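Taking it in order: structure first as structure tokens, then the write-up.
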Amino acid sequence: MDSDGCIALSNEDLLRLSNQLPQRDTPVVITRQVRWVKANQPSEGRQAFLDKVRQWQDARLRADRQTLESLYASTQSTSSTALDNNKAKQRLTQPITAIDNVSVLTWHDDKNKMVVTFRELVGSGKRERERVMRQYWSRAEADEWRILAEGPVR
């Protein structure tokens with residue numbers, strides 16, 4: 001069977017591999033089409049989005065709640081933001097020392113939705129631990145990127 005340069009695996013093999021590979025070391029993306037973009041290749045709106053992600057990272061490292069609140073989308077049912085739930089508030093009270101291993105994907109080939117996965121180092125010294133997080137970003141009518149949802153990768 002020709003897989004056109006891709007790896008073809010049975011479901012059974014994929015499940016066996018998923019139990020053996022460390023979390024996030026080998027991402028598996030299932031899509032109809034892949035468009036590879038070089039890191040230094042200019043892309044429409046890419047830099048503006050990456051600037052927003054960096055703004056969020058800087059605010060998170062500084063625990064700058066005001067800036068963080070401005071980067072979360074308002075929920076449709078209320079005027080509160082995605083940050084206004086108890087889990088998000090609790091997470092913000094936990095100091096982090098670093099954010100790394102950032103990956104960015106377009107969600108379902110929709111240019112107005114992006115998925116950002118990253119690792120946070122929480123705490124310090126013997127209590128330091130890592131947490132892999134995922135955020136779903138959307139671009140609003142005003143061309144501003146906002147976080148719709150976020151949570152730990154299981």
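Throughout, residue positions are numbered sequentially from 1 according to the sequence presented. It should be emphasised that the depicted structure is a prediction, and the values quoted were computed from it without experimental measurement.
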Are Met133 and Ile147 co-members of a hydrophobic cluster defined by side-chain heavy atoms under 4.5 Å apart? yes
Do Val116 and Val122 share a hydrophobic cluster, counting only Ile, Leu, Val, Met, Phe, Trp and Tyr and linking them when any side-chain heavy atoms are less than 4.5 Å apart?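 Yes, it is one cluster - the side chains of Val116 and Val122 are joined through contacts under 4.5 Å.
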For the CG atom of Asn101 and the CZ atom of Phe118, what is their distance to the nearest 0.5 Å?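 Nearest 0.5 Å value for the CG-CZ distance: 11.5 Å.
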First locate atom CG of Leu71, then atom CD of Glu144, and finally report the distance between them rounded to the nearest 0.5 Å.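 Atom-to-atom, Leu71:CG and Glu144:CD are 9.0 Å apart.
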Under the rule for side-chain hydrogen bond (donor to acceptor under 3.5 Å, both in side chains), what residues qualify as partners of Thr97, not counting sequence neighbours? Glu128
Would you please name every residue forming a side-chain contact (heavy atoms from CB on, under 4.5 Å) with Arg16, sequence neighbours left out? Glu12, Asp13, Gln20
Who are the side-chain contact (heavy atoms from CB on, under 4.5 Å) partners of Leu61, not counting sequence neighbours? Ile96, Ile99
Do Met114 and Thr106 have side chains that get closer than 4.5 Å, going by heavy atoms? yes
Partner set under salt bridge (charged side-chain N to carboxylate O under 4.0 Å, His left out) for Asp51, not counting sequence neighbours: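 Asp51: salt bridge (charged side-chain N to carboxylate O under 4.0 Å, His left out) contacts with Arg54.
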Mind checking salt bridge (charged side-chain N to carboxylate O under 4.0 Å, His left out) for Arg62 and listing every partner two or more places apart, or none if nothing turns up?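 Testing Arg62 for salt bridge (charged side-chain N to carboxylate O under 4.0 Å, His left out), a comparison that skips the adjacent residues, returns Asp64.
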By the definition side-chain contact (heavy atoms from CB on, under 4.5 Å), identify the one residue from Arg60, Glu130, Gln57 that meets it with Glu120. Arg60
Among Trp145, Phe49, Trp56, which residue meets the ring pair (Phe, Tyr, Trp, His ring centres under 6.0 Å) test with Trp137? Phe49
State whether the side chain of Arg146 and the backbone N or O of Ser70 hold a donor-acceptor pair below 3.5 Å, judged by distance alone. yes
Name all residues meeting the ring-ring contact (aromatic ring centres under 6.0 Å, His included) criterion together with Tyr136; count only those two or more places apart in sequence or in a different chain, and write none if there are none. Trp107
Could you give me the CA-CA distance, side-chain angles and deciding distance for Gln135 and Val115, then say whether side chain to side chain contact (heavy atoms under 4.5 Å, CB included) is met? CA-CA 6 Å; Gln135 295 176 327; Val115 180; over 6 Å; no
Grab the two heavy atoms, one from Leu68 and one from Tyr72, that are nearest each other, plus how far apart they are.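 Scanning both residues, the minimum pair turns out to be O-CD1, 2.8 Å.
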